[in-house]
Amino acid sequence: MVNLKLTSEKKSMKMLNLSFRIPYFTQWGQSLLVSGSEPLLGSWNVMQGLALSPFFEGEQLIWSGKVSVPSGFKCEYSYYLVDDNRNVLRWEAGMKRKVLLPDTIQDGEVVEVHDLWQTAAEALFFRSSFKNVIFQNWTLSSEALPEAFHNSFIVQFKISCPRLENGDSVYVIGNSNSLGQWKLQDGVKLGYCAGESLWQADCLIKKSDLPIKYKYCQSGKTGHVSVEVGPHRELLANSTSNSQPRYICLSDGIFRDMPWRGVGVAVPMFSVRSDDDLGVGEFLDLKLLVDLAVESGFHLVQLLPLNDTSVHGMWWDSYPYSSLSVFALHPLYLRVQALSENIPQAIKQEILNAKEHLEGMAVDYEATLATKISIAKKIFFLEKDMILTSSSFQKFFSENEEWLKPYAAFCFLRDFFETSDHSQWGRFSQFSKEKLEKLVSKDKVHYDNICFHYYIQFHLHQQLSEAAAYARKKRVVLKGDLPIGVDRNSVDTWVNPSLFRMNTATGAPPDYFDKNGQNWGFPTYNWEEMSKDNYAWWRARLTQMAKYFTAYRIDHILGFFRIWELPEHAITGLVGKFRPSIPLSQEELEKEGIWDFNRLSQPYIRKQMLQDKFGASWTVLASNFFNENENCYEFKDDCNTEKKIVSKLKVCTENSLWLESEDKIRRDLFDLLQNIVLIRDPEDPRKFYPRFNLEDTLSFKDLDEHSKNVMKRLYYDYYFYRQESMWSQNALKTLPVLLNSSDMLACGEDLGLIPSCVHPVMQELGLIGLRIQRMPSEPDLEFGIPSQYSYMTVCAPSCHDCSTMRAWWEEDEERRCRFYKTMMGSNDAPPSRCVPDIANFILRQHVEAPSMWAIFPLQDLLALKEEYTTRPAVEETINDPTNPKHYWRYRVHVTLETLLGDKEFKLKIRNLVKGSGRSYPPIEEAVVEGIDIKESVNTEKMHIANGQGPTPRVSQSNAVSRREVDAVV
């Protein structure tokens, strides 16, 4: 914030000249302007903002502009990159800038503001992960402004230092007497601007001292001094005006430090095991997990989604990405022992018996949830009056009733009708607020049922809030997960059906995870409808998440550029299209000599194909599933979709005549159904989409050469070229809404088929990407090279959607040998098992990578100790993306208490972190019994020079001269 704090009595209105100045290289047809909160700067209307003019200062292109403002002028403002028509091409990230001019500056004086463009990457450190957790800021007051004298002027130095520890100080030093001649003790100490993570100080500079070279320094309370890296900053004499401004505000952006890098651990909530849990990990177990993170040198704990998924009332609901409600928490993670301090002995004994029964190697989803609900109901009826009338519950209810009432009503109706398919609920199928209020009315006989759901959500909120507060106190980031979709039978589709395209399904095209694509079953979003209220549903989701988390993973971030949309009747994920996308029009195809659209868009089936697929059974299957038409076959109406095929196979009476299994026949029928080249748009029959991997189809192979060449060219144009601009614009409309809805740190899961527009947009928005070594984004690599990852990434050897590091190592001998040779530099035969030395090598590759975060699945960390690798590696897999009905039930086989007490295990992990340049929680908060952490970790310490007292150590880069360092010290 520009704030020259001169004070005096107000005089008559004076006009000042406010000059803006910023270095920025533009392309032809681009320019910069300033738009702000006051009419003089357009009242945030870019069309009426202050246009800036360019000039060169050495090799820098500087944009500047001047406006006459009254004394005492104040406003917020930002810079915008625009085209010749003032269409915004780019805008600054981070907080709005502020200017506040004193009323004592002389009439006609010039106040010059020197700014630097604020990038999204710099703004990351103002997110709550850093601001409120890792670097917990504090406040100081600024020094008083000196008075400007003849032949001198006032310079306000301002720098952002979001990574300071409590008690640290900031100085500016330089080559003039006023800046201490590079000596720290004679430099200018900056004061902290409360609430803005900015440090500033005002200094009187003589005009004869120009040009000035300077840098900022950070001085720690331990005596550690850190000098900015990079070239000197410079304040030059004004080359565009005959007179030097009397007041210059240097807004110097962010302190140029070595990139901050941290480490984290990832584990699903249901996978955690503790001495106190009941069959599954619970929210209060997070406190133990945070302790383990701190004592292992980690700053982050990452979880899978925690929302209620109780759609089917069976183990299918173990899938954490299929939300019943995007706001409600899952009752599975409730600690029933913590519901009351007065639990009767009989219920306590029931809990002990249940604990013994549910203590298995894997989660028994149905039994665990049923047990918890049963016990919770008993406690609810004992204390409901006390809890529901308490001030804490009333506060929770008033803050959450917008989603809590519909959720409770939905759960009641789901149980009453014995289905979550709200289309089967009669007069309640269509949601309305009037019906809702009647359903949740206190005079209803089922009101206790409604209140029970309130009660469960209240306690879940309290328990997760307690764990989240504990994590913040321990300076550990709690990272959540934002699923890309919701279940089609969910509270959200019931309450807001217009926000979803209910006749479609969401998935992913064929990729590393599944060569046949994926069909997640979620309805796709109606983005046009969502935009009408500025994406209020999304904003509410992020606001709710921010109550517990300070970082989050955006599941399948590609869906915000474009989504793979499938018809609702599809089961597989192969025959889909991207939405939005520019289709192939019938006119476009006709110009290319393509005209037989039915031949290309309907399943191409010939007699020989049926004989090859089904052998001797082909006639039986043909009579059941196909109609014949002049040696061509087409599916009958009762089996012309994938879902219809599955249904018909279940009731077919002639299955005894089949020579193949039902599963094999189903796959073959699906192959025939998918044997098309073009997909006709169901909403516009004159639009078409190339079928993914169309060259693999028999339909394509039977085309003439001209048609093949045309379709190949149009295929590559559709998938890799013509959509890029549209997808980029789509993401730039939707993603900023998410990012601006909270101050959580956002990471995007950008795996799969990546359009070329994705990474530039993520970089522009300050979104952190994901790098998994076995899924390199470079097409010519089999294995990613962690040392070459970019800074704005999270790196990991595995994730929940693939096999663990151990299982991957053991899956494929030839691949294991290639990795051992290319990545580990050995021509010897690799061990068949991922022994601790192999695990250590792979994990160290990642911890030493340039990525901002290295986040390791807990299973991969367990591989560091032989004792924890006795369990078969395949049992540690969390999800199999090729199986849409996978049972998510993996549980860590050792308790958190055991890991916390294992000094050797924690030391192995800390030894990975030390020396890597990555940050770790403060040593005083990471007391590990029996381990000399201060010796095992390379902490910053005072050293003694020549037996004289302590001398501060100075961090430096090649850009800081030895003379400067000596002078500072």
Side-chain angles (χ1 to χ4, degrees), residues 83 87-89 484 500-501 503-511 517 523-531 535 556-568 570 573-602 674 676-695 697 699-700 703 706-736 750 752-762 764:
D83 62 18
N87 295 311
V88 176
L89 304 175
I484 185 61
F500 305 91
R501 290 169 53 82
N503 62 337
T504 66
T506 303
D511 57 13
T524 58
Y525 294 119
N526 184 347
W527 289 109
E528 295 79 10
E529 187 67 24
M530 287 180 161
S531 68
Y535 309 97
H556 193 62
I557 196 172
L558 304 184
F560 292 90
F561 293 79
R562 82 295 184 272
I563 198 70
W564 188 244
E565 186 175 78
L566 301 150
E568 191 275 333
L574 188 60
V575 186
K577 67 182 191 304
F578 285 123
R579 177 179 173 85
S581 64
I582 304 170
L584 308 177
S585 68
Q586 185 166 320
E587 293 77 14
E588 180 181 4
L589 290 164
E590 287 172 345
K591 287 179 182 178
E592 297 281 0
I594 304 296
W595 54 270
D596 194 349
F597 302 109
N598 287 337
R599 154 72 177 83
L600 295 171
S601 62
Q602 294 178 1
Q674 297 162 354
I676 58 177
V677 174
L678 293 175
I679 299 170
R680 192 187 292 267
D681 192 319
E683 298 171 12
D684 187 342
R686 297 181 65 83
K687 294 179 179 177
F688 300 88
Y689 306 88
R691 186 258 207 210
F692 200 88
N693 289 342
L694 58 79
E695 292 182 58
T697 66
S699 179
F700 176 86
L703 292 174
H706 169 75
S707 297
K708 285 182 181 179
N709 291 333
V710 169
M711 292 312 306
K712 281 195 290 186
R713 175 163 47 81
L714 293 176
Y715 174 90
Y716 284 99
D717 179 62
Y718 174 84
Y719 280 102
F720 302 108
Y721 298 105
R722 73 161 66 188
Q723 320 295 347
E724 296 293 327
S725 177
M726 172 190 284
W727 291 344
S728 176
Q729 292 172 18
N730 198 50
L732 288 171
K733 283 191 298 185
T734 55
L735 285 172
D750 53 345
L753 183 67
I754 310 295
S756 59
C757 65
V758 169
H759 290 151
V761 169
M762 291 182 66
E764 176 68 20

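Worth saying up front: this structure is predicted, and the values here are computed from it rather than measured.
Shown here are the side-chain hydrogen bond (donor to acceptor under 3.5 Å, both in side chains) partners of Y535, two or more places apart in sequence or in another chain: there are none. With sequence neighbours left out, the side-chain contact (heavy atoms from CB on, under 4.5 Å) criterion links S699 to R599, Y604, N675, V677, T697. Shown here are the side-chain contact (heavy atoms from CB on, under 4.5 Å) partners of N87, two or more places apart in sequence or in another chain: D83, N85. Annotation: side-chain contact (heavy atoms from CB on, under 4.5 Å) contacts of S756 (sequence neighbours excluded): E724. For R579, the salt bridge (charged side-chain N to carboxylate O under 4.0 Å, His left out) partners two or more places apart in sequence, or in a different chain, are E528, E565. Taking the salt bridge (charged side-chain N to carboxylate O under 4.0 Å, His left out) definition, one finds that K712 meets it with nothing, sequence neighbours left out. Take F720 and apply the ring pair (Phe, Tyr, Trp, His ring centres under 6.0 Å) test, not counting sequence neighbours, and it matches Y716. Scanning for salt bridge (charged side-chain N to carboxylate O under 4.0 Å, His left out) contacts around D681 gives an empty result, with sequence neighbours left out. In this structure F688 satisfies the ring pair (Phe, Tyr, Trp, His ring centres under 6.0 Å) test together with F597, sequence neighbours excluded. A search for side-chain contact (heavy atoms from CB on, under 4.5 Å) contacts involving Q674 returns T572, L574, V575, E642, F670, D671, R691, not counting sequence neighbours. Among residues two or more places apart in sequence or in another chain, the ring pair (Phe, Tyr, Trp, His ring centres under 6.0 Å) test is passed with W727 by F578. For E590, the salt bridge (charged side-chain N to carboxylate O under 4.0 Å, His left out) criterion is met by no residue, not counting sequence neighbours.
When all heavy atoms of P583 and R722 are compared, the closest pair comes out as O-NH1, 2.9 Å. The shortest heavy-atom contact between H556 and A508 is CE1-CB, 4.4 Å. Minimum heavy-atom separation, W564 to G576: CH2-O, 3.2 Å. Taking every heavy atom of both residues into account, G559 and I484 meet most closely at CA-CD1, 4.2 Å. Looking at every heavy atom in both residues, L694 comes nearest to P690 through CD2-CB, 3.8 Å. Across every non-hydrogen atom of P755 and L558, the tightest pair is CD-CD2, 4.2 Å.
Residues F692 and L753 are in side-chain contact: their nearest non-hydrogen atoms beyond the backbone lie under 4.5 Å apart. No side-chain heavy atom of Y525 sits under 4.5 Å from any side-chain heavy atom of F560. Looking only at side-chain heavy atoms (C-beta outward), I594 and E588 stay at 4.5 Å or farther from each other. In this structure, the side chains of R562 and P580 come closer than 4.5 Å at one or more pairs of heavy atoms. Within the 4.5 Å cutoff, no side-chain heavy atoms of T734 are placed close to those of M530. Residues L678 and Y715 fail the side-chain proximity criterion, which asks for heavy atoms closer than 4.5 Å.
In this structure, CE in M711 is found 10.5 Å from NE2 in H706, a value given to the nearest 0.5 Å. Here the straight-line distance linking atom OG of S707 with atom CG of D596 works out to 9.0 Å at 0.5 Å rounding. Rounded to the nearest 0.5 angstrom, L589 CG and L584 CG are separated by 5.0 Å. The CD1 atom of I754 sits 5.5 Å away from atom NE2 of H759, with the distance rounded to the nearest 0.5 Å. Rounding to the nearest 0.5 Å places CG of L566 at 8.0 Å from OG1 of T506. With rounding to the nearest 0.5 angstrom, the OH atom of Y719 is 8.0 Å from the CG atom of N693.
Under the 4.0 Å criterion applied to side-chain N and carboxylate O atoms, R686 and E587 are assigned as salt-bridge partners. Between K577 and E683, none of the side-chain N atoms (NZ, or NE/NH1/NH2) sits under 4.0 Å from a carboxylate O, so this pair counts as no salt bridge.
Counting non-hydrogen atoms of neighbouring residues, nucleotides and ligands closer than 6.0 angstrom, the NZ atom of K687 reaches no more than 12 such neighbours.
Using modelled atom types, one side-chain atom of Q723 and one backbone atom of I582 make a donor-acceptor pair closer than 3.5 Å. Distance alone, capped at 3.5 Å, places no donor-acceptor pair between the N526 side chain and the R501 backbone.
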